[in-house]
Amino acid sequence: MTTGTITTTSLPALAVTGLTVRFALGRARGRRIPPQVHAATDVSFDLHPGRVLALVGESGCGKSVLTGALLGLLPANATVTGAAGLSGPAGSLDLLTTGRTTLARQVRGRRIALVPQSAATSLTPVRSARAQLEEVVRELCPGTDARVRADSLAERVGLAPADLDRFPHELSGGMAQRVAVALALAGEPQVVLADEPTAGLDRPLVDRTLGLLREVADAGCAVLLITHDLGALRRVPGAVDDVAVMYAGRLLESGPAADVLAAPGHDYTRELLAALPSGGLVPIPGQPPQLTDLPAGCAWHRRRPGRCDGGDVVHRTGARSVRCRALEAGPC
Amino acid sequence: MLSAERMDAGHQPGVPVVRGLDLTVQPGQVVGLAGPSGSGKTTVARVLGRLLAPLAGSVTVDGYRSPGVRYAVPRASRTAVAMLFQSPRLSVDPRLSLADVVAEPLRVRGTPTAGRRNTAARSRRVAELAEEVGLTGDLLQRRPAEVSDGQLQRACLARALAQQPRYLVCDEMTAMLDASTTAALVGVVRDRVRAGSLGVVAISHDEDLLAVWADSTVHLPAHPPVATTRAAGTAR
Amino acid sequence: MADRDLRLPLGVGVLVLLVAYATLVPWVAGVDDRVTDFSAARLAPSPGHPFGTDSAGRDLFVRTAAGLRVSLLIAVVCAALSTVLGAVVGAVSAAAGGWVDRLVMRLVDGINAVPHLLLGIVLVALFRGSLVAIVASIALTHWTQVARIVRAEVLSLRDRPHVDAAVLGGASRWRVVHRHLLPAALPQALVAAVLLLPHAVWHESTLSFLGLGLPPHRPSLGTLLEEARSSLLLGGWWTLLFPALSLVLTTLAVAAVGSGVRQRISAPRRGATLR
């Protein structure tokens, strides 16, 4: 399933095709343990320069596993198949088949970077933000004046150069988030992955963080925003261009954000929107399934029988695609 | 009635973060408490739960004003107020299974389900509560490290309800949760409120949520920055 | 990574061998301190006497084992006593807070300010030559480390929401301490206990070496070392070598176990990210 983009003529900066992640489970601890966790199954999407793709879904749907897989940072018991083609001026390569050393020395931080969850705790508490940013700059862009470059990065994310001289505990949540984005931008990556960058932040900070990622994309990056905060996407129109909805390790629906949020094609998306305070706070019955016991196709019909056909056929209409058809219109 | 009258709250004597707060909640009512980060919402929650003494003013629970806080509050009055916290992971003992977490208030001496002889009654009660909050059987036997934040917060809600509180103080209980879990937990609390057995203080920075959930909302003003060079510990 | 993972099994292996030697050999051979055979005094190691004999003609292979047994027993009892005492005092002090905490911590400072050996000597001097006195002198001077560790752990947990939730649920102070705080601090306390073991072995040896511990005819690593002094001048190197070797091996093995266990406890849990 490809997140088609009508306006795009450019090549995708990152084309993920059929990405599948399995975790082998170890010894049983006193109870029967199924052999594998189906963390992600047949996930495909494209990230285009200048666009933000939001990957949404409930917690525990395998969203965060994707960043681990793309950055080559999954634990040893993971098996990753599929393809993730990174292409750009520096050449093309497949993230999933590239060796550890190459990923570490030539790809991570330089061509694809991560904005982590809870920025404040991912900074070293005993060194100033500047010391940490300059260290990264010296490593990623040798030959430049680290101080000058750190200042310009700070400015780019909306921080005063003086703010960099603070220690992490002296930064507010929003400033720490900006430092994290500056760290990700230090190596001028083509692709930025943001893994729940807004979790636990209050609303003004959420909105500012989304705005910041928008600016990053406008400057030419391809951005993947992983979030469970659909409300924020709805509240800040234009923050993201495309939306992909994930459930039980599979993409159920994708398309331009405005269209998907206004008229969801999959029953699950509809229920996600109805669960928002603005949608009426209607809880989704049941819980996301165990990732160890999944049907072959769309797992949604197991939770809400009769709501979709449970098929594994992807239906495409223009830029939108929906896995399996809804059978009855839910309350929306 | 759980009420705060002209309450000043803060962690340092003489440095109140919240000044002159008046707040009243009756069973069957949801009162929202909103405010930006650092406005003292959590401090107010702890004072209402009588985990922290107010710097001035008073907190009364059903007309009773406790002379002390924490263990000094008589047990009957202490259990009348339950709390839910922002981080479910920090709110449970990591060594206990979810079933044991939920059963904690049921084991306390003085409750009818306490003691070795009442194991059966206790597990029946745990099963009822688990069903109410939507925790399925298998999850109850797991440790906190083996479940998601949302499932853990469900267990925390079951534990809070197990102490049969008349008031529930929810301190950003949905901040770490996805929309669907938020809706589910709010739904459970709402049912109790509608039955008239529970009064809720819903603390959140999510105004959309409070607009839907709360009957009325008290807004805390942004706390004036104490020192501009050192942002108050919001980075945590 | 590799040597970290080896520490624990290696330490346990050596320790098991030492304990087997200390318990089985005296049990099979039988030890009677009063049996002396001066015709066999100070024999160098030989197939008949693998560790040689001492100045009274007693077999050192058996006597070292018996000495090790006594030393280990004293060490285990001391470590257990100090741990229990330290854990309870530390947990109560932290949970109570206020003046109780301040008082207890000043007491701990006071005990730590006096050299342990000096304090031990005073205690042993009051009840000369009894096992109980040695055990008490070591236990009463070493609980303070455990108390500090447990107190720090409990303090860090005391204000966590899960304790707040227990308080609101109606739990008494004692219930919170024994159900939530102590169990959480216990792993750290156990590591401290293991690390105390070699310390206790050395203390016992030192006291006995100084003639303040067990009477000379009762074998312990300390009395054996003390005896070795006179033999050493007459060329009996083995009288020093084997008891000293078993002391050093015990220390190293226990230290390896201690740091190995600590590594295991502090290592982040794998699979936690798999939620």
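Side chain to side chain, B/E104 and C/H162 fail the donor-acceptor criterion of an N or O pair below 3.5 Å.
At a 4.5 Å heavy-atom cutoff, B/L106 makes no contact with chain C through either its backbone or its side chain. Heavy-atom distances place both the backbone and the side chain of C/R173 under 4.5 Å from chain B. Using a 4.5 Å cut-off between heavy atoms, B/L51 contacts chain C through its side chain alone, with no backbone atom that close.
In this structure, B/E128 places its CD atom where more than 12 heavy-atom neighbours from other residues, nucleotides or ligands lie under 6.0 Å away.
Contact count against chain C (heavy-atom pairs under 4.5 Å) is highest for B/L90 among B/D171, B/L90, B/V73. Between chain B and the options C/A166, C/A184, C/P183, heavy-atom pairs under 4.5 Å are most frequent for C/P183. Chain C forms more heavy-atom pairs under 4.5 Å with one residue of B/D93, B/V81, B/L96 than with any other, namely B/D93.
Contact between B/Q163 and C/G169 at its shortest, heavy atoms only, is OE1-CA, 3.3 Å. Across all non-hydrogen atoms, the minimal contact from C/R160 to B/P94 is NH2-CD, 4.2 Å. The heavy-atom pair separating B/F85 from C/A165 by the smallest distance is CE1-CB, 4.1 Å.
Rounding to the nearest 0.5 angstrom, the gap separating the CZ atom in B/R107 from the CZ atom in C/R179 is 5.0 Å. Separation of atoms CG (C/L168) and CG (B/L168) is listed at 10.5 Å; rounding is to 0.5 Å.
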**Item:** Residues B/R70, C/D164; criterion side-chain contact (heavy atoms from CB on, under 4.5 Å); working and verdict
**Value:** CA-CA 8 Å; B/R70 293 178 81 88; C/D164 289 343; 3.0 Å; yes

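A donor-acceptor pair is defined here as one N or O able to donate and one able to accept, closer than 3.5 Å; such a pair exists between the side chain of B/R78 and the backbone of C/A171.
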